[in-house]
Amino acid sequence: MQKHHTGDGREQKLTAKEILKEQWFLTRFCFAAAPGGMAFHVFESVKLQVSIFFEFIWMINYALGIAERGGPWKQFFWCMVIFMAAVFVSTMSFSYYKQSVKPRLTPVLHQAFRMHIYERTKDLDLACYDETDFYQKFILAAEESDTCIDRYLETVETYSAGITQFVLALGFCLTVNPLILLVTGVSFCVSLWLAGKENRLQIASRMERLPYEQKREYQNRVFYLSDYAKDLRLYPGMQQKCRQDFNRSQKEIRRIHRTYGKKLFVYGCIRDAVGPVYLESVLSWSLLLYQVLKLHTLSYAAMLSSLKAASYVSKSSGSMIMGWKKAAENAAYVKRIHSLTNMEPSVVSAKNLPVGTSPVSFDIRHVTFSYQPGKPVLKDISLQIGARQKIALVGYNGSGKTTLVKLLLRLYDPDSGSICCNGTDIRDYAVEGYRHSIGSVFQDFKIYAASLKENVLMDVSQNTKKENYEVEKALYDAHFTLQDNRLVYQIETPLTTEFEKDGVNLSGGEMQKVAIARTLYRRQNLIIMDEPSSALDPRAEYELNQELNEIAQDKTVVFISHRLSTTRDADCIYMMEQGRIIEAGTHEELLAAGGKYAGMWKVQAGLYLDAQ
């Protein structure tokens, strides 16, 4: 019985049944992904051992037997001719496998397994990314997916070869000298015990290192990603802290290596001192010489060939034990990967209803939500958003504005309460169709290493004139200047210089305009904008707001902004604080009420007071 760690300090037992179950999964997966390549892989593993048996066991016994009996030379000559012809054919077949089949088989399986993980996890809830254990599972899957396939191929080769070698050599020993199998039995027991001990330690060591390796990799990324380059140069103290964190993680990893390394060293010494090689060398020769010299029950031909056959029985047994060790190690990782790929999204559709094209309205009733149990971020939120209304959510950082928008987009589901869109609970709509019906820009948007057009489309380009025109119009409406001399290829210009020498690095304001163009391109009836103009200067912000008001006059719009000058024209403004709505009304009504919104306005936008 093997064990593996879950990564959080708890240890789980992995039974032989579970190991076989994971191996069976990989077998079905690999043979489905590359049936011809896998069949050739097994065939070559078996054929090689058949060739070795005839060359090093059967031929030795046959040739020495002819010599001892004084048989004719012609008999040996024709046997060698046939054998060499078979070896030539076998060599050509193996060369084709090694030079052509294997180099193509491995990357195909790597890609297939990675895509399997991707397809199984791409629809997981956003809530998963709030969990530390999820990241550990994902990192393990990313790091070990290729290695799992490599281990599986080695295991298949080991068992295909080992079983073939074992059966042929065992059959020969039973025929020529059954007593020699006593030695291999002792050797097998020692090997099995050692393999089990070493395997459990290696898996436990890997799982205990995982969280520290995750932290070390994060600190490593900080030093080469452009996102951090500016800060690390302006704040050298943070460089020191990152190095200290990196060194602490490295120190813990070394500690774990030392802890488990000492035990592994002990078992390694036992294996080398009294393991299979020592036992076979001493016991096998002692038994065989006793049979030949004392009992006279064995010929020299039988002695040499049975010695070789017994060695092959022991070798095949040992290789299958090591193969089981590798299979057990692989099963621990594959099971961990399965715990990720078997996760099911909780944000699912109850009725899979299609989303209509009519103007969007919302009725939010008594919604409460928390990222962590017992720590609500939204508390009993109720509000109405009418069709074609312009709604603003305002409040200081941490008040719950962005979280409420994530619930509207159905990236999360509320803990209690309901959100209805056009009179239907949003949980009844088809999830993908509902999300696609909303145009949104978040303050933490990302620009991808792709063309400007692809960054607007956020989809695979169809390369049509209509598509190009609509992309250019969306950029124009977002006030993005296509006439910039840097944009040599216009909308086909690659963004970022990480991979393309002709790439362009946009400014913060330009990137925000591209993000806004994504929303405008989709032409949806609901637009949600979270700090849509935070990176723009006041003049650009004013012009963009005017443009957005004109473009979205027949749409429902939800704004989140710290700049109250952006939200003052909203049909209704909701002031949030600590997860609750504390004020609601128009800009003028809230100023007249003299509450927290009015105080926020006076502090932030006092220059506008004379304009009232």
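The figures that follow rest on heavy atoms only: side chains count, while hydrogens, waters and symmetry mates do not. The chain is numbered in sequence order, starting from 1.
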query: Are any non-hydrogen side-chain atoms of R248 and Y212 less than 4.5 angstrom apart?
result: no

- line: In short, A32 meets P35 closest at the heavy-atom pair O-CD, 3.9 Å

field: Note, L411 side chain near R435 side chain (heavy atom, < 4.5 Å)
entry: yes

- prompt: Any donor and acceptor pair, going by atom type alone, linking the side chain of S93 with main-chain N or O of V89 inside 3.5 Å?
  reply: no

message: Minimum heavy-atom separation for I149 and C30, please, with both atom names.
response: CD1-SG, 4.0 Å

message: Go through it in stages, so that I can follow the logic: the residues are Y152 and T27, the test is side chain to side chain contact (heavy atoms under 4.5 Å, CB included), and I'd like the CA-CA distance, side-chain angles, deciding distance and then a yes or no.
response: CA-CA 8 Å; Y152 171 73; T27 299; 2.8 Å; yes

task: Establish, from distance only, whether the side-chain atoms of T158 and K326 form a donor-acceptor pair under 3.5 Å.
output: no

query: Which distance, rounded to the nearest 0.5 Å, do you find between the SG of C242 and the CG of N247?
result: 11.0 Å

message: Looking at N330 and C148, would you say the former's side chain and the latter's main chain have a donor-acceptor pair under 3.5 Å?
response: yes

- request: Taking the side chain as every heavy atom from C-beta outward, state whether L153 and M38 have any atom pair closer than 4.5 Å.
  value: yes

message: Side chains of R151 and T155 only: does a donor on one sit below 3.5 Å from an acceptor on the other?
response: no

- prompt: Is the number of heavy atoms from other residues, nucleotides or ligands under 6.0 Å of M84 CE greater than 12?
  reply: no

query: What is the ring orientation for F25 with H338, classed by angle as parallel under 30°, tilted 30 to 60°, or perpendicular over 60°?
result: perpendicular

- prompt: Hey, mind stepping through K21 and E18 against salt bridge (Lys or Arg N to Asp or Glu O under 4.0 Å) and telling me if it holds?
  reply: CA-CA 5 Å; K21 178 182 177 182; E18 288 175 314; over 6 Å; no

query: Which heavy-atom pair separates A332 from M207 by the least distance, and what is that distance?
result: O-CE, 4.2 Å

field: Taking every non-hydrogen atom, the tightest pair across V42 and S160
entry: CG1-OG, 3.7 Å

message: Is it the case that the ring center of Y371 lies less than 6.0 angstrom away from the ring center of F369?
response: yes

From L48 atom CG to Q165 atom CD, the distance as rounded to the nearest 0.5 Å: 9.0 Å

query: Does the distance from a Lys or Arg side-chain N to an Asp or Glu carboxylate O, for E252 and R255, drop under 4.0 Å?
result: yes

- request: Evaluate whether atom NZ of K406 has more than 12 neighbouring non-hydrogen atoms of other residues, nucleotides or ligands under 6.0 angstrom away.
  value: yes

Y118 OH to M115 CE distance, which is reported to the nearest 0.5 Å: 6.5 Å

- request: Step through the shown structure and confirm whether more than 12 heavy atoms of other residues, nucleotides or ligands are within 6.0 Å of CD on E432.
  value: no

message: Using a 6.0 Å cut-off, check whether atom OH of Y218 has over 12 heavy atoms from anything other than its own residue.
response: no

- prompt: Any donor-acceptor pair under 3.5 Å linking the side chain of R518 with the backbone of N455?
  reply: yes

query: Taking atom types as modelled, is there a side-chain donor on Y159 or S45 under 3.5 Å from an acceptor on the other?
result: no

field: Any side-chain heavy-atom pair of K215 and D245 under 4.5 Å
entry: no

- prompt: Hey, does V222 have a side-chain heavy atom less than 4.5 Å from the side chain of F246?
  reply: no

message: Assess the residue pair Q219 and S249 against the criterion (side chain to side chain contact (heavy atoms under 4.5 Å, CB included)); give the C-alpha distance rounded to whole Å, side-chain angles, the decisive distance to 0.1 Å, and a yes or no.
response: CA-CA 9 Å; Q219 298 301 335; S249 298; 5.5 Å; no

- request: State, without any angle test, whether Q240 and R243 hold a side-chain donor-acceptor pair at a distance under 3.5 Å.
  value: yes

message: To check you understand the geometry: which heavy-atom pair defines the closest contact between M343 and L124, and what is its length?
response: O-CD2, 3.4 Å

message: Donor-acceptor check, side chain of T121 to backbone of I117, threshold 3.5 angstrom: yes or no?
response: yes

query: Can you find a pair of side-chain heavy atoms, one from Q23 and one from L26, that are under 4.5 Å apart?
result: yes

query: Is the closest side-chain heavy-atom distance between I19 and W324 below 4.5 Å?
result: yes

- prompt: Would a 4.5 Å heavy-atom cut-off, applied to side chains only, mark N505 and T496 as touching?
  reply: yes

- prompt: Do the side chain of R104 and the main chain of S100 share a donor and acceptor less than 3.5 angstrom apart?
  reply: yes

query: If you draw a 6.0 Å radius around CD in E217, do more than 12 non-hydrogen atoms from other residues or ligands fall strictly inside?
result: yes

message: I'd like to know if the side chain of K47 reaches the main chain of S90, judged simply by a donor and an acceptor atom lying under 3.5 Å from each other, with no hydrogens or angles considered.
response: yes

- prompt: According to the interplanar angle, ranging from 0 to 90°, do the rings of H41 and Y97 count as parallel (below 30°), tilted (30 to 60°) or perpendicular (above 60°)?
  reply: tilted

Trace of the side chain to side chain contact (heavy atoms under 4.5 Å, CB included) decision for F113 with I337: CA-CA 11 Å; F113 198 39; I337 292 173; 4.2 Å; yes

- prompt: Step by step, would you call R410 with R427 a side chain to side chain contact (heavy atoms under 4.5 Å, CB included)?
  reply: CA-CA 8 Å; R410 217 186 164 208; R427 286 172 289 199; 3.3 Å; yes

- request: Determine whether more than 12 heavy atoms belonging to other residues, nucleotides or ligands lie under 6.0 Å from atom NE2 of H436.
  value: no

task: State, to 0.1 Å, how close L105 and G37 come at their nearest heavy-atom pair, and which atoms those are.
output: CD2-O, 3.8 Å

query: How long is the gap from CG on L170 to OG1 on T175, to the nearest 0.5 Å?
result: 9.0 Å

field: Residues R336, E22; criterion salt bridge (Lys or Arg N to Asp or Glu O under 4.0 Å); working and verdict
entry: CA-CA 11 Å; R336 185 77 169 168; E22 301 302 344; over 6 Å; no

- line: Rounded to the nearest 0.5 angstrom, the CZ-CH2 distance for F29 and W24 is 14.5 Å

